[in-house]
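As the structure lists them, so they are numbered: ligands from 1, and atoms in each ligand from 1. Reckoned from all heavy atoms, side chains included, excluding hydrogens, waters and symmetry mates.
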Amino acid sequence: MKRIESVREMQDLAGRLRREGRRIAFVPTMGYLHEGHLSLIDEARKAGDVVVVSVFVNPTQFGPGEDFDVYPRDISGDETKAAGRGADILFHPSAREMYPGEPLTRVHVEKITEVLCGARRRGHFSGVATVVTKLFNIVRPHAAVFGQKDAQQAAVIMTMVRDLNMDVEIRIVPTVREKDGLAMSSRNVRLSPEQRKHAVMLSKVLFGLRDTIRPDTAVEPLLKEAEATLSGLPGAELEYLEMRSFPGLEPVERFDRDAVIALAVRFGEVRLIDNILLKNDLDS
Ligand code: PAF
């Protein structure tokens with residue numbers, strides 16, 4: 001696998017590959033790769049014939065006091081894992097390479113960035129939309145793969161690509177979970193054994209809701225009950241538990257269209273998110 005650190009070199013190679021008629025499939029990541037990321041690489045191999053993985057912990061999507069400085073990093077481990085899974089190119093720019101001067105341009109997706117995580121992490125999704133746009137301009141992919149684990153991010157990227165006519169096929173891959181159901185996340189390594197034990201309840205609550213909610217179910221009382229369970233977890237602070245349409249992220253009272261139940265819970269310094277998609281098959 002080839003490692004590239006320069007924007008110019010990546011752009012030149014992408015241009016050459018396109019001229020040769022190769023199809024570029026892209027997996028943008030912030031590194032510390034786990035099985036969830038590797039499943040995105042598997043999907044990318046189906047989506048194209050040259051797979052590019054980027055590893056870049058993007059400073060502009062972290063707010064003041066968030067975990068940018070302590071976000072786990074392991075570039076040589078990432079390189080081995082990505083190569084082992086069949087990636088062809090690892091793009092690993094420095095912050096100076098990505099942001100050589102004060103950035104005066106930002107991409108902002110409205111409305112759907114004002115709810116869920118976006119309401120609590122101001123500026124986060126414009127940091128994501130901007131860096132993903134930059135990465136698309138550098139890697140010039142035909143297809144890009146993202147995880148359902150970050151459901152709101154997936155909705156933001158899909159909306160941005162639609163609104164700005166970006167010529168990139170977006171593929172969303174289901175969340176990969178630990179044996180006990182905890183959604184895989186680079187942040188899980190920062191949980192203490194005690195926190196890790198309680199974190200299993202996040203997915204249990206979501207699976208419980210998925211198995212109970214039917215099109216005629218009143219959702220509010222079920223969410224209240226689930227909120228009480230999560231708030232009662234020792235050391236946990238529930239940020240939100242909400243059901244919204246997907247990908248429009250409108251509030252929904254009943255399961256009458258495709259929806260996502262999403263949550264964010266803090267265990268001390270570690271903020272975990274998870275979600276479950278509910279497909280409404282009534283129209284089919
Ligand atoms: O999901 C992530 O890891 C990041 O938000 C992304 C898409 C790589 C942008 O920095």
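- Ligand 1 places these atoms under 4.0 Å from at least one heavy atom of V131: 9 (C), 10 (O).
- Heavy-atom proximity to P28, at under 4.0 Å, picks out these atoms of ligand 1: 8 (C).
- A distance of 10.5 Å separates CG in L241 from CG in D274, rounded to the nearest 0.5 Å.
- For the pair Q61 and ligand 1, the shortest N or O to N or O distance falls below 3.5 Å.
- At least one side-chain heavy atom of T29 sits under 4.5 Å from a side-chain heavy atom of V27.
- For atom 2 (C) of ligand 1, the closest heavy atom belonging to the protein is Q153 NE2, 3.8 Å.
- Side chains of V252 and V219 form no contact here, defined as non-hydrogen atoms less than 4.5 Å apart.
- The CD atom of E97 sits 6.5 Å away from atom CZ of F91, with the distance rounded to the nearest 0.5 Å.
- Looking at T29 against ligand 1, only its backbone comes within 4.0 Å, counting heavy atoms.
- Using a cutoff of 4.0 Å between basic side-chain nitrogens and carboxylate oxygens, K2 and E9 are scored as salt-bridged.
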